[in-house]
Amino acid sequence: MSLPDTPVMQQYGRLKGAHPGFLLWFRMGDFYELFGDDAEAAAGVLQITLTKRRTSREGDEGIPMCGVPYHAAEGYIAKCLKAGFKVALAEQVETPEEAKKARGSSALVERKVVRLYTPGTLTEDALLEATRPTYLAAVAAEDTSAHWRGVLAWLDLSTGEVGHRPVQAATLGAAVAALAPGEIVVPPALEGAVEGLLSRRQVSVQEGLFSPLRAEETVCRAYGLKTVEGLSLTGAAVAAVGALLGYAELTQMGKLPALKHPRQVAARSVLEIDPATRRNLELTESLAGNRKDSLLHEIDRTVTAAGGRLLSRWLAEPSSDVAVIAARQDAVEALVNNPDARAEIRALLKQTGDVARCVSRLLLERGGPRDVAVLRQTGAQLPALAKALAKLDGRLLGQHRDGLSGLAELTAYLARALADDPLPALMREGGFVRDGFDAELDNQRHMVTHGQELLAALETEENAVAGGTFKLRYNKVWGYYFEVGKAQEGKVPAHFIHRQSTTTAHRYTTEKLMTLERQLGSAAAQAQAREEAVFAEMCAAVRKASLPLLAASEALATVDVLAALAELAARGGWVRPVVDDSRTFEVEGGKHPVVAARVGTFVANGCDLSDGQLWLLTGPNMAGKSTYLRQNALLLVLAQMGSFVPATRARIGVADALFSRIGAADNLAAGQSTFMVEMVETAQILNRATARSFVILDELGRGTATYDGLAIAWACVEHIAQELGCRTLFATHYHELNGLAGTLEQVSTHHVAVKEWKGEIVFLHEVRAGAASGSYGVHVAKLAGLPPAVVARADGLLAGFTKAARGKGAVGVDELALFATPAHYGTEKPETELERRVKALDVDGMSARDALDEVYRLRDLVH
Ligand code: ADP
């Protein structure tokens with residue numbers, strides 16, 4: 001779309017051209033205007049009217065335009081960001097008067113892009129979710145092969161957290177899924193590697209930022225260092241962290257918040273969970289996409305936003321490091337055992353605010369008095385918190401108690417400097433500095449509020465000294481003056497300066513009056529300027545204390561998470577699992593943390609997969625197989641994040657990776673059938689799992705023909721048991737697989753028990769050793785409400801099939817699953833619905849009318 005050839009449109013075109021991929025919000029007076037394609041895109045998202053901007057020239061078609069008032073911009077920007085757009089904000093950096101003065105009467109107001117909003121670089125509370133971290137990520141590779149190795153780095157701009165970890169082509173998906181960044185920066189060569197992991201709009205391809213020299217220089221500048229060695233960054237880590245910080249700088253117009261030193265997450269120090277498993281287990285989101293039914297929601301007892309964010313990190317990235325896990329468990333245990341201290345700590349935490357986000361906003365010059373007030377309020381809780389923590393054992397708690405010290409001076413200063421609540425959101429609203437803190441400001445405020453009193457006092461003073469009755473008056477031309485009647489002329493003191501005479505009086509001023517007048521005239525502006533200066537001092541104090549502030553914020557978040565896990569464990573009667581480096585997985589009395597909280601009575605079940613056992617799990621639909629599989633995977637996740645677990649006893653050797661193949665999620669949008677998705681996920685598991693991994697497989701092979709599916713499932717069980725040796729739960733409806741238990745020593749059969757009662761099946765939800773006796777599919781069909789006639793027919797057919805299969809001889813593993821011999825159906829013809837109903841008739845107790853009704857119903861059954 002070509003822009004009209006006017007100076008302002010040329011200016012617009014230049015700014016727009018310099019920010020490809022961004023919607024340019026162009027400040028014009030009291031509005032931000034958008035033009036051309038930007039206007040068309042934004043008008044739809046924002047539901048505002050699209051108009052046209054035309055020049056007066058003949059034949060000018062004009063270009064699409066829409067605009068929003070500047071004071072309401074934040075809400076509209078948030079909408080655009082939510083819709084996946086990036087926004088560049090161009091401001092007028094001078095007034096029209098300044099422009100005219102500097103460059104003549106037709107000069108154009110100078111505009112500059114002052115802020116770029118991208119999904120990974122937000123800091124405003126209105127644009128962020130309180131309990132969800134927003135990460136900007138970057139990936140750099142060491143080589144260009146298909147199996148490249150490299151580094152994934154991340155930054156939370158709103159808290160200054162920086163981290164990085166080694167990744168490779170095969171593990172990038174799991175690492176990105178764990179982090180769930182808002183945006184990722186990649187060099188052109190890796191654009192394909194992140195495809196499908198995030199939406200296209202969340203990917204920013206950058207070339208120069210990754211160049212080794214530039215990346216190193218960026219890191220050094222950001223941390224004020226001479227070399228990157230002190231940060232233990234090498235190779236791809238320098239490129240990734242450098243590109244990350246470089247991109248953050250670009251979007252923040254050269255400013256960066258206080259950065260924590262990069263934290264390296266070592267390879268194999270975290271439990272790897274691929275995106276499909278993460279989804280299947282509904283860790284932080286349910287399959288339907290809401291948070292409410294997720295594990296995170298179920299276990300979240302945190303009381304601060306930063307604690308909520310950290311909990312979601314721990315859950316998204318459980319540790320594989322026994323020492324890290326033990327330190328967390330020690331702390332949780334100490335808090336479980338001391339309910340009073342826990343309650344006190346949680347009550348104090350509720351009084352604290354989101355320190356990290358406030359600090360970042362202040363340092364990026366986007367903060368206001370309320371952000372400073374949060375620091376004061378939080379700082380005031382720290383001594384009591386440190387005291388409460390001192391009552392508890394645990395290295396981690398001790399370490400974080402130390403993190404709470406170091407802010408006494410800042411807190412005291414802010415208590416003196418900042419007025420009481422409520423405070424204004426914006427600095428320019430003024431009135432946030434405490435009276436009595438700054439003598440100059442007090443003076444100016446006094447001037448503003450007591451101007452008339454000061455003038456009256458001066459009048460009294462002059463009259464008292466001179467013994468006159470001079471009147472202090474005001475007019476627009478002369479301002480304030482003393483009016484002296486002709487009769488009093490003799491009393492005029494020497495320091496009176498004559499200004500003017502009228503027929504009846506003389507007008508005088510004095511040095512004091514002139515000074516006071518000047519002061520009164522500028523007091524309001526000066527008070528504001530002085531308050532701004534005090535605010536700048538406050539920000540400087542915050543900057544100086546930024547490291548202890550970030551340490552305190554991390555300590556508060558960690559203590560909140562630990563206390564929340566303790567609260568959860570204490571209230572739910574959860575136990576501390578023994579976590580070690582073995583390949584044990586022994587659970588007694590385990591429960592599914594989410595399902596158990598929803599159903600009335602949940603049947604607890606144990607599990608033992610130690611040293612690479614594979615349990616084949618059979619049982620009818622609805623018996624609880626999926627629940628049981630997920631339950632054990634979730635116990636592993638909880639144990640490795642340092643939490644207690646819902647069980648009576650557990651011993652768990654840390655896993656390096658958790659894999660699952662669950663359910664039949666069609667990914668039709670990506671053009672893959674159910675079976676294809678199933679096989680792709682299975683392939684990934686078989687290629688990547690090690691002896692230390694933990695695998696759950698639900699109904700493998702179901703998406704294809706029976707023989708095919710059985711053959712695939714069979715081969716997979718053999719491979720897992722013989723080649724991989726990982727701890728595995730394998731739920732299946734192929735009863736034939738049970739035969740494998742006889743030939744492979746790691747494989748054993750288990751089933752979820754059901755009981756027959758008066759021709760119905762009762763689900764016991766109990767996992768027992770041995771194979772299931774039947775699949776009970778027809779029973780489940782009946783429970784689901786299939787018409788009685790269909791159920792009866794299916795029952796009859798099943799009996800026939802079973803007989804036919806028997807007639808062919810023994811049923812081997814290579815038989816169709818359909819002909820498997822569920823003992824329950826036996827060789828006799830099973831009772832039909834008609835027979836059951838007839839047998840159940842209480843003939844003697846029926847009225848003639850009831851009997852006739854029943855005969856009609858029975859006839860309907862056989863029709
Ligand atoms: P399957 O995978 O065998 O078809 P599910 O795991 O989907 O069965 O479980 C079916 C239903 O049974 C679930 O909705 C759940 O509420 C309930 N359930 C599962 N396990 C238990 C249990 N241990 N105790 C109580 N209810 C259970």
Side-chain angles (χ1 to χ4, degrees), residues 277 279-283 286-288 292-295 297-298 572-574 587-609 615-636 638 645-650 660-665 674 678 681 695-703 709 713 728-735 737-738 749-757 760-786 817 820 822 824:
T277 302
R279 262 196 315 279
N280 285 334
L281 292 178
E282 307 186 298
L283 294 183
S286 73
L287 282 169
K292 226 182 87 258
D293 297 316
S294 67
L295 177 65
H297 187 264
E298 192 56 50
W574 293 15
V587 173
E588 279 171 23
K591 291 187 177 174
H592 188 297
V594 182
V595 178
R598 306 278 153 95
V599 300
T601 352
F602 189 87
V603 181
N605 278 304
C607 186
D608 184 357
L609 302 174
W615 277 22
L616 282 169
L617 189 68
T618 46
N621 284 328
M622 291 298 289
K625 298 184 299 299
S626 302
T627 308
Y628 179 73
L629 257 55
R630 287 185 161 96
Q631 160 183 323
N632 287 296
L634 294 180
L635 291 183
L636 181 87
L638 286 169
V645 293
T648 49
R649 196 183 73 80
S660 78
R661 158 88 271 284
I662 288 180
T674 309
E678 184 181 332
E681 288 183 12
V695 176
I696 58 174
L697 293 161
D698 199 357
E699 298 292 12
L700 192 66
R702 201 156 204 183
T728 306
L729 287 172
F730 196 121
T732 185
H733 67 293
Y734 294 125
H735 292 247
L737 289 179
N738 286 326
T749 57
H750 295 265
H751 68 280
V752 191
V754 292
K755 188 168 82 174
E756 286 191 68
W757 189 72
E760 303 285 337
I761 57 169
V762 179
F763 295 108
L764 300 178
H765 303 304
E766 223 180 273
V767 176
R768 295 183 184 162
S773 54
S775 68
Y776 298 87
V778 179
H779 275 87
V780 175
K782 188 169 116 191
L783 286 182
L786 244 60
H824 153 68

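Counting convention: from 1, in listed order, for ligands and their atoms alike. Excluded from the calculations below are hydrogen atoms, water molecules and symmetry mates; all remaining heavy atoms, backbone and side chain alike, are included.
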- Message: For A771, is there any backbone N or O sitting under 3.5 Å from a side-chain donor or acceptor partner on T618?
- Response: no
- Task: Just jot down the ligand 1 atoms closer than 4.0 angstrom to any heavy atom of N621, in number order.
- Result: 4 (O)
- Item | S660 versus T277, closest heavy-atom pair with distance | N-OG1, 3.0 Å
- In terms of residue, atom name and distance, what is the protein heavy atom nearest to atom 8 (O) of ligand 1? G624 N, 3.0 Å
- Query: Counting only heavy atoms, which portion of A731 has something under 4.0 Å from ligand 1: side chain, backbone, both, or neither?
  - Reply: neither
- Query: With distance as the sole test, does K625 use its side chain to make a donor-acceptor pair with the main-chain N or O of P620 at under 3.5 Å?
  - Reply: yes
- Item | W615 side-chain N/O to H751 backbone N/O, donor-acceptor pair under 3.5 Å | no
- Task: Please answer whether the main-chain N or O of V594 pairs with a side-chain N or O of H592 as donor and acceptor at a distance below 3.5 Å.
- Result: yes
- Query: What do you think, any protein heavy atom under 4.0 angstrom from atom 16 (O) of ligand 1?
  - Reply: yes
- Query: Does any N or O in the side chain of N605 come within less than 3.5 Å of the main-chain N or O of H765, such that one atom is a donor and the other an acceptor?
  - Reply: yes
- If you measure from atom 13 (C) of ligand 1 to every heavy atom of T627, N605, T601, T618, which option wins on shortest distance? T627
- Message: Quick check: V603 and ligand 1, any N/O pair under 3.5 Å apart?
- Response: yes
- Task: Could you tell me whether E298 and R598 make a salt bridge, using a distance below 4.0 angstrom between a side-chain N and a carboxylate O?
- Result: yes
- Item | A623 N/O under 3.5 Å from ligand 1 N/O | yes
- Would you mind reporting whether L729 and C607 have side-chain heavy atoms less than 4.5 Å apart? yes
- Under 4.5 Å between any side-chain heavy atoms of N280 and E681, yes or no? yes
- min-distance protein heavy atom vs atom 4 (O) of ligand 1 -> M622 N, 2.7 Å
- Using a strict 4.0 Å cut-off to heavy atoms of V599, name the atoms of ligand 1 that fall inside it. 16 (O)
- Item | Contact check, G619 vs ligand 1, heavy-atom distance below 4.0 Å | no
- Note on the structure: Filtering H765, K625, E766 for the heavy atom nearest atom 18 (N) of ligand 1 leaves H765
- Task: Give the atoms of ligand 1, by number and element, whose distance to some non-hydrogen atom of P620 is under 4.0 Å.
- Result: 3 (O)
- Mode of D698 contact toward ligand 1 - side chain, backbone, both, neither (heavy atoms, under 4.0 Å): neither
